[in-house]
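Reading through the structure tokens given below for one structure.
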Protein chains: 2
Amino acid sequence: MKLETIDVRQSASAADLVFEALRKAIIEGALAGGEHLRQDHIAQMFNTSRIPVREALKRLEQDGLVTNERYKGTVVAELSTAEVEEIFEFRALIESEVIRLAVPRLDARRLDEARGHLEDFAGEADPSLWGTINRNFHYSLYAASERPYHLQIVRSSLDRVDRYLRAQLTLTDGMRRARQEHEAIFDACARGDADEAARLTRAHILDASRSLTAFLENRRR
Amino acid sequence: MKLETIDVRQSASAADLVFEALRKAIIEGALAGGEHLRQDHIAQMFNTSRIPVREALKRLEQDGLVTNERYKGTVVAELSTAEVEEIFEFRALIESEVIRLAVPRLDARRLDEARGHLEDFAGEADPSLWGTINRNFHYSLYAASERPYHLQIVRSSLDRVDRYLRAQLTLTDGMRRARQEHEAIFDACARGDADEAARLTRAHILDASRSLTAFLENRRR
DNA sequence: CTATTGTATATTGGATCCAATCTGAGTAAA
DNA sequence: TTTACTCAGATTGGATCCAATATACAATAG
């Protein structure tokens, strides 16, 4: 008898699971900036020893999501307003270029997918889901760029500021503006106007940045 | 009595030392692509247990310098020609923008430093040092941009392709062309012409990319 | 009462040990 | 000859134990 060789999805290691869970918690804001991540505590939560936890923390540190001081421990990274601003400036540069590359490669399927996220975004009442839908919308367009490295960097830079971006969407009128801007971006993509899509994406990110830094400065005062 | 409070430089952890050593070996090409990194072997080389080695390998994996398969091990990452090309395309985008931001902030000290690296580059006979001098030249200019996040990404993307870039400098006429292009970039910076410096930097990186991909395609045939 | 010192506890970093899995040589069967 | 199978060694992943350091708090001197 000959069986199909099934590509058994190799189960993730404990370290991978811990890493993904912590990453998600940080970018969603479930873990606040400055919060102390105790190895022991996390290990108990995941029913493992501290070893996989430590590997996960090292990976998070490499991504800039946490910082570690020897013998003191690991805390969720906090960004200054200047740092947030710089990362948004960076995103504006990369993401506008990525969408410029994506537009000529967009097909009907992807456009439909993006339109779906657009509608989800407009129809979703629960603010805790806006951040994820926002990401999905942009990614569904960016994916067409066929630039895996660029997309990885986009993901990494967005990870760092996602907590702040979610706050901005929720706590200001960011959601309303984002919706309008998304529609304009989508229209430019549907028309095949890459330069306009790039220009609008850049403006969209810088708009969010201005709104967010104003909000942060207010908060801190 | 009052003593000067000296900032005792906290000794790096074993994991940090291993990480830096392996990183250096990979970007310099001392460890070839595809090479298997055995935890045990590395641990012995550094006189430690495997624990810090594993943490270092996790960090390298996060940076894309190595890849890991569960229970199989960690190997030095190998990039396809397409991947190398994409990373150079990315670098052209970022580094041209970084130097545009840097030019208006360049002062005499930094320009002198860059000129020094330029002369080092021209005068150095040992090809194994060209890669590092090349990096130093560009960094001394980029540093003025005052964009720590951008610089970190520049470092990370260059790390991934540095092995290949060094090969291109050494094994083709890349060195000669790089020297000419560096001089042109430096002149534009010294004149304060940010747009021209950005344009030349972009061309410099894309030129190296073309030369390198041609070289790699030849090699693989 | 305050500042300094000593000490106990908590926490992290690293070493050693055990379990899970891969790999490859050797063997048997078609 | 070739293919499948078995088993031993090698290697990785994870658990447990020990060492180094930090932190909080009590004790003591001024």
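Lettering follows sequence order; numbering is per chain, from 1.
- By the salt bridge (charged side-chain N to carboxylate O under 4.0 Å, His left out) test, A/Glu119 pairs with no residue at all, sequence neighbours left out.
- For the pair A/Ser96 (side chain) and A/Ala92 (backbone), a donor-acceptor distance under 3.5 Å is present.
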Quick test: give all pairs of protein nitrogen or oxygen and nucleotides 9-11 of chain D nitrogen or oxygen below 3.5 Å, distance rounded to 0.1 Å.
unit_1, atom_1, unit_2, atom_2, d
D/dT11, OP1, B/Arg38, NE, 3.0

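- Applying the side chain to side chain donor-acceptor pair (under 3.5 Å) test to residues at least two apart or on different chains, the pairs with a partner in residues 85-95 of chain A are A/Glu86-B/His150, A/Glu89-B/Arg147, A/Arg91-A/Glu95, A/Glu95-A/Tyr142.
- Residue pairs meeting the salt bridge (Lys or Arg N to Asp or Glu O under 4.0 Å) criterion with at least one member in residues 29-53 of chain B, sequence neighbours excluded, do not occur.
- Listed by first and then second residue, the salt bridge (Lys or Arg N to Asp or Glu O under 4.0 Å) pairs involving residues 13-31 of chain B are B/Asp16-B/Arg59, B/Glu20-B/Arg23, B/Arg23-B/Asp159, B/Lys24-B/Glu28 (not counting sequence neighbours).
- Under the salt bridge (charged side-chain N to carboxylate O under 4.0 Å, His left out) criterion, A/Arg210 pairs with no residue, sequence neighbours left out.
- Judged as a side chain to side chain contact (heavy atoms under 4.5 Å, CB included), and not counting sequence neighbours, the contacts of B/Ala102 are B/Ala144, B/Ser145.
- A straight line from CZ of A/Arg70 to P of D/dT23 spans 14 Å, rounded to a whole angstrom.
- By the side chain to side chain contact (heavy atoms under 4.5 Å, CB included) test, A/Ser156 is found to be paired with B/Tyr149, residues two or more places apart in sequence or in another chain being considered.
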Tabulate below the donor-acceptor pairs under 3.5 Å that side-chain atoms of residues 108-117 of chain B make, not counting sequence neighbours, or state none.
unit_1, atom_1, unit_2, atom_2, d
B/Asp112, OD1, B/Arg115, NH2, 3.3

Review item, nucleotides 15-17 of chain C N/O atoms under 3.5 Å of protein N/O:
unit_1, atom_1, unit_2, atom_2, d
C/dA15, OP2, B/Ser49, N, 2.6
C/dA15, OP2, B/Ser49, OG, 2.7

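- In this entry the distance linking CD of B/Glu55 with P of C/dG14 reads 7 Å, nearest Å.
- A rotation axis mapping the C1' atoms of four pairs onto the next four is fitted at both ends of the helix from C/dC1-D/dG30 to C/dA30-D/dT1 over five pairs, and the angle between these axes is 0° to 10 degrees.
- At whole-Å resolution of the value, CD in B/Glu69 and C1' in D/dT12 are 12 Å apart.
- The side chain to side chain contact (heavy atoms under 4.5 Å, CB included) search around B/Ser49 returns B/Ile51, B/Pro52, not counting sequence neighbours.
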